[in-house]
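Structure, as structure tokens:
Below, read A as the first sequence line, B as the second, and so on, with proteins coming before strands; counting in each chain starts at 1.
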Amino acid sequence: MPELPEVEVVRAGLAPAVTGARVIAAEVRDPRALKRHLPLGGDGAPSADGEGGHGVTLSDAAGRARAADFERRILGIRFAAPVRRGKFLWLPVAERVAPGANGAAAAERAAAAPGLALLAHLGMSGQLLLRAPEAADDRHVRIRLWIEHAEHGELRVDFADQRLFGSLALDALTAEGVPGQARHIARDPLDPRFDDAVFLQRLRARPSGVKRLLLDQTLVSGVGNIYADEALWRARLHPETSGRVLSARKAAELLGALRDVFAQALAEGGTSFDAQYVNVNGQAGYFSRSIEVYGRGGKPCSRCGGLIKRVAFMNRSSHFCPVCQRKR
DNA sequence: AGAGTGGCCTGTAGGC
DNA sequence: TGCCTACAGGCCACTC
């Protein structure tokens with residue numbers, strides 16, 4: 001499942017191939033993979049087509065219109081280095097060379113137009129794969145870009161997504177350089193500008209269970225179900241412990257545990273339980289071997305021997321050791 | 001504002 | 001063998 005470490009592995013893998021590369025062709029095979037993409041209206045401003053988004057099925061006509069808009073506007077774009085915040089990943093547009101135009105004279109400098117980015121969210125099962133132009137199809141490829149890089153030549157960037165919770169989109173950058181759709185996302189704990197004091201204060205002000213708080217992307221980003229369970233185990237905290245009862249010391253310990261588990265997962269290439277998370281070359285990570293609680297219901301805790309408990313929580317599952325993660 | 005819930009999606013596993 | 005159901009869960013829209 002792509003959480004922060006998995007998305008970071010993808011970002012780092014993409015960087016050398018896409019930075020400075022230009023889009024020479026694009027093919028949207030399934031417009032449902034564009035649910036975050038808002039087509040431009042006649043005035044050049046993003047306009048809702050009244051469909052898509054979340055909880056609404058895209059009609060065929062609206063889907064075709066979105067696909068056409070995306071394919072048209074991405075053509076000729078040259079990417080700057082990829083950026084990540086939490087689980088969102090984006091490729092800022094350095095410039096756009098209008099198709100068919102002759103030479104650099106036709107280049108629209110990004111400074112002249114509002115900043116734009118190709119935004120990606122992998123959702124549950126999204127993958128960004130780098131492939132040779134003639135490589136065979138991977139399963140569930142929804143959107144395909146052909147890019148040209150000064151060093152690496154022609155490459156394919158394939159967005160594959162089995163469950164379609166993920167999406168690509170062209171999105172305008174705010175003044176802070178963050179895509180509009182990701183502006184509400186908090187910085188993540190690996191961001192040098194993450195404000196520990198503010199996070200800890202907000203965490204300790206909320207009465208909700210601490211697991212719910214970790215999954216709140218406006219409080220801290222990049223944490224999903226796996227790493228929330230793992231960080232709570234490391235900090236010896238029951239997932240339903242209220243934020244309000246956390247001591248300053250315990251809250252700081254939790255943040256430290258979160259950073260530790262992220263760093264270790266990153267070093268091990270991320271977590272792959274099945275074929276749904278892979279790096280840009282289609283390879284699995286091996287952090288799943290280091291998992292202590294997630295998916296280990298009924299098995300012994302490596303720390304105290306207690307039996308790991310699995311409980312329903314927010315339409316998913318929580319895993320914890322009832323012996324060394326006591327509710328207070 | 002925060003809490004809580006439903007819907008989006010498809011492949012896989014397990015029961016019968 | 002094949003049909004059915006449950007499950008995986010990040011995010012957003014929605015209600016209260």
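Following rounding to the nearest Å, A/D161 (CG) and C/dG10 (P) show an atom-to-atom distance of 14 Å. Regarding A/D216, its CG atom lies at a distance of 11 Å from the P atom of C/dC12, rounded to whole Å. For A/H140 and B/dT10, the NE2 to C1' distance is 7 Å, given to the nearest whole Å. Spacing between atom CG of A/L215 and atom C1' of C/dC11 amounts to 11 Å, rounded to whole angstrom units. B/dT10 atom P lies 16 Å from atom CD of A/Q127, rounded to whole Å.
For A/R163, counting side-chain heavy atoms from C-beta on, the closest listed nucleotide (B/dT12, C/dG10, B/dT10) is B/dT10. The side chain of A/L164 approaches B/dT10 more closely than any other nucleotide in the set B/dT10, C/dC12, B/dA3. Comparing C/dC7, B/dA3, B/dG11 by their nearest atom to the side chain of A/R206 picks out B/dA3. In this structure, the nucleotide among B/dT10, C/dA8, C/dC12 sitting nearest to the side chain of A/R32 is B/dT10. The A/P207 side chain lies nearest to B/dA3 when the options are C/dA8, B/dA3, C/dG10. Listed nucleotides C/dA8, B/dT10, C/dC12 differ in distance to A/F88; the shortest reach to its side chain belongs to C/dC12. Considering only side-chain atoms of A/R139, the nucleotide from C/dC11, B/dT12, B/dT10 that sits closest is B/dT12.
Contact check for A/F199 versus A/P189: no side-chain heavy atoms found under the 4.5 Å cut-off.
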Margin query: With side chain to side chain contact (heavy atoms under 4.5 Å, CB included) as the criterion, how do A/L170 and A/I77 come out once you've worked through the C-alpha distance, each side chain's angles and the decisive distance to 0.1 Å?
Written below: CA-CA 11 Å; A/L170 287 172; A/I77 273 176; 4.3 Å; yes
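A close approach under 4.0 Å does occur between a side-chain nitrogen or oxygen of A/H121 and OP1 or OP2 of C/dC11. Of the side-chain N and O atoms in A/S125, none sit less than 4.0 angstrom from OP1 or OP2 of B/dT10. Under 4.0 angstrom from either OP1 or OP2 of C/dC11 there lies at least one side-chain N or O belonging to A/Q217. A close approach under 4.0 Å does occur between a side-chain nitrogen or oxygen of A/H184 and OP1 or OP2 of C/dC12. Residue A/K35 places no side-chain N or O under 4.0 Å from the OP1 or OP2 atom of B/dC8.
In this structure, the side chain of A/R326 engages the main chain of A/V323 through a donor-acceptor pair within 3.5 Å. One N or O on the side chain of A/E6 and one on the backbone of A/E3 form a donor-acceptor pair closer than 3.5 Å. Judged purely by atom type and a 3.5 angstrom limit, A/E230 uses its side chain to pair as donor or acceptor with the backbone of A/E292.
Between A/R202 and A/M314, the residue anchored closer to the 5' end of DNA chain B is A/R202, taking for each the nucleotide with the nearest heavy atom.
Residue A/R212 places no side-chain atom within donor-acceptor reach of the base of B/dG4, judged by atom type and a 3.5 Å distance cut-off alone.
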